[in-house]
Amino acid sequence: MGHNMNTFLTKGAKNKKVEVMGLNKPKVVILGAGYGGMMTTVRLQKLIGSNDAEVILVNQHNYHYQSAWLHEPAAGTLHHDQTRILIDDVIDKNKVNLVIDTVTEIKKDEKKVVLENGREIDYDILVIGLGFEPATFGIPGLKEYAFGIVNVNAVREIRQHIELMFAKYNNVQEPKEDLLTFVVGGAGFSGVEFLGEFVNRVPELCKEYDVPREKVRILSVEGSPTIMPGFDKELVDYATNFFERHNVELHTGTLLKECTPEGIKMAKGDDIIEVKAKTVIWTGGVQGNSLVGEAGFEVNRGRCPVRKDLRAPGHDDVFIVGDCALIMNEETGRPYPPTAQAAIQESYVLARNIKKLLDGQTDLEEFVYQPKGTVASLGEKDGIGIIGNKKVFGGQAAFWKKVIDNRYLFLLGGMKLVLKKGKLNMF
Ligand code: FAD
Ligand code: NAD
């Protein structure tokens, strides 16, 4: 691993007071060091001089993590340290002040942000990049009993929990099928990518814990008639075939209705089926961070429909980036799905727009999303996707997925970061 574990501190470690930096400079406060916030910071530091603005990046942890890789450490096929990067390694400390703390409230009318320890930071320009949280649609028990692939701490727990289930299996009396029954609720991209990793991990776990493979039951529960609803049929068929070959029970056209300490209830037509399972992973959808709606911004599933220049409606001093922003696809009349790809593209325009505001210009640039394609991994060596207009399958898709992951690291921290944290086993 590139970093000693102790270098990744969590939020208890507050860093030095921010008020010491340039008192009279305009204050740009960036909330969240996800794809959107981190890339905006890195782009902005290239565009401004150290006297142009006081830039403060507020994040829960001293590390940035790539949410788009989290299904791998959740399944245990990649160490979580490879998905995270010390923020100090990519920011220019002469231009950016990192505050490690949790935002608890945005007071937009007072132009202030409240942090967990009670401290407030005021701003001239605010960027909200606080990311996603699971959408549970009021389904009973999900918040209490299901796991979510949401951040580094969550996926560490999932991996450990899965291993514990295998370790327990040979230590307890019958009935014990629930220990090795794994339910994944929702087979969109996150559910499918997690399952793709997990089916590769299961044979290793079976070997390590002396468990026959046939004792392990993996269920995917998806409300739509197919997995990955809306995606290209040929690619969906390929993924369906992959999971059937790996003995995943695909319950399509089936709604997860409830999660309990014992397992789940799912509805197939009029039938309610109960499944006893000690592991339920919810990948049924995401919404924008609740703080955005709580602050009084207009939201749709937690996402604020931003103006073309990425500012919040009615707020010339507030930009919103990534999964907290809702951007319409004017051709389809539907919002673009929340993706890292969109967050990264937005950050380029956003940084240039902040620079313009700092320079006193008002003709801000309009953001136009340019989808480059989508690739979903099915474990390390398989996958499906569309690159431009071309469909890719199998090893070729897996290769492209790694290119995409490495490209992001390159944009963030150049070749040095690719070599340190990248996926270099390309084939
Ligand atoms: P995030 O990346 O979620 O970052 C938000 C940041 O804010 C985090 O650092 C968090 O710690 C911090 N934060 C949150 N709340 C607070 C708070 N209160 N105070 C302080 N800090 C806070 N998209 C793709 O384009 N391609 C993919 O292949 C892909 N794969 C995915 C796989 C999985 C398993 C998942 C879950 C998502 C995937 N996505 C993918 C979607 C992508 O991860 C998100 O769209 C992207 O992470 C959004 O970026 P963001 O900057 O808005 O927020
Ligand atoms: P999603 O909304 O894309 O998929 C959720 C799935 O859960 C849907 O198929 C939905 O029908 C299903 N579902 C919802 N409620 C259900 C219920 N009660 N019972 C059964 N099924 C139910 O969410 P996601 O997969 O978490 O993805 C979130 C975002 O991240 C999306 O924008 C996605 O495109 C993006 N993402 C992209 C990639 C990639 O590009 N490789 C990978 C992962 C995620």
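When each of Thr339, Val349, Asn329 is checked for a side chain to side chain contact (heavy atoms under 4.5 Å, CB included) with Tyr369, only Thr339 meets the rule. In summary, of the residues considered (Lys27, Lys111, Lys112), a salt bridge (Lys or Arg N to Asp or Glu O under 4.0 Å) with Asp122 occurs for Lys27 alone.
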Donor-acceptor pairs are to be reported for all side-chain atoms of residues 263-278 against protein atoms at under 3.5 Å, with residues two or more places apart or in another chain.
{"unit_1": "Lys268", "atom_1": "NZ", "unit_2": "His251", "atom_2": "ND1", "d": "3.0"}
{"unit_1": "Lys278", "atom_1": "NZ", "unit_2": "Asp178", "atom_2": "OD2", "d": "3.3"}

Let me check something: any side-chain donor-acceptor pairs from residues 403-412 under 3.5 Å, sequence neighbours excluded? List them with distances.
{"unit_1": "Asp405", "atom_1": "OD1", "unit_2": "Trp69", "atom_2": "NE1", "d": "3.3"}
{"unit_1": "Asp405", "atom_1": "OD2", "unit_2": "Lys423", "atom_2": "NZ", "d": "2.7"}
{"unit_1": "Asn406", "atom_1": "OD1", "unit_2": "Lys423", "atom_2": "N", "d": "2.7"}
{"unit_1": "Asn406", "atom_1": "ND2", "unit_2": "Lys402", "atom_2": "O", "d": "3.3"}
{"unit_1": "Asn406", "atom_1": "ND2", "unit_2": "Lys423", "atom_2": "O", "d": "2.8"}
{"unit_1": "Tyr408", "atom_1": "OH", "unit_2": "His64", "atom_2": "NE2", "d": "2.8"}

Show the atom names and distances, to 0.1 Å, of all donor-acceptor pairs under 3.5 Å that link a side chain in residues 386-397 to residues at least two apart or in another chain.
{"unit_1": "Lys391", "atom_1": "NZ", "unit_2": "Asp232", "atom_2": "OD1", "d": "3.2"}
{"unit_1": "Lys391", "atom_1": "NZ", "unit_2": "Asp232", "atom_2": "OD2", "d": "3.0"}
{"unit_1": "Lys391", "atom_1": "NZ", "unit_2": "Glu234", "atom_2": "OE1", "d": "2.8"}

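Ring geometry, Tyr65 versus Tyr63: the interplanar angle falls from 30° to 60°, so the pair is classed tilted.
Scanning both residues, Arg303 and Pro335, for their nearest heavy atoms gives NH1-CB, 4.3 Å. The minimum heavy-atom distance linking Cys304 with Phe297 is given by the pair SG-CB, 4.3 Å.
Here Glu204 pairs with Arg201 under the salt bridge (Lys or Arg N to Asp or Glu O under 4.0 Å) rule; sequence neighbours left out. By the ring pair (Phe, Tyr, Trp, His ring centres under 6.0 Å) test, Tyr145 is found to be paired with no residue, residues two or more places apart in sequence or in another chain being considered. Under the rule for a ring pair (Phe, Tyr, Trp, His ring centres under 6.0 Å), the partners of Phe189 that lie at least two apart in sequence or sit in another chain are Phe231. Applying the salt bridge (Lys or Arg N to Asp or Glu O under 4.0 Å) criterion to Glu222, with sequence neighbours excluded, gives no partner residue. Every residue was checked against the ring pair (Phe, Tyr, Trp, His ring centres under 6.0 Å) condition with Phe137, not counting sequence neighbours, and none meets it.
Residue pairs satisfying the salt bridge (charged side-chain N to carboxylate O under 4.0 Å, His left out) criterion with at least one member in residues 205-218, sequence neighbours excluded, are listed as follows: Arg217-Glu249. Contacts classified as ring pair (Phe, Tyr, Trp, His ring centres under 6.0 Å) and involving residues 162-182 (residues at least two apart or in different chains) are given here: Phe166-Phe182, Phe182-Phe198. Evaluation of the salt bridge (charged side-chain N to carboxylate O under 4.0 Å, His left out) test over residues 281-291, restricted to residues two or more places apart or in two chains, returns none. For residues 257-291, there are no ring pair (Phe, Tyr, Trp, His ring centres under 6.0 Å) pairs, not counting sequence neighbours.
Ile85 has its side chain within reach of Gln66: a pair of non-hydrogen atoms, C-beta onward, lies under 4.5 Å apart.
Side-chain contact of Gln60 with Asn151: a donor-acceptor pair under 3.5 Å is absent, judged by distance alone.
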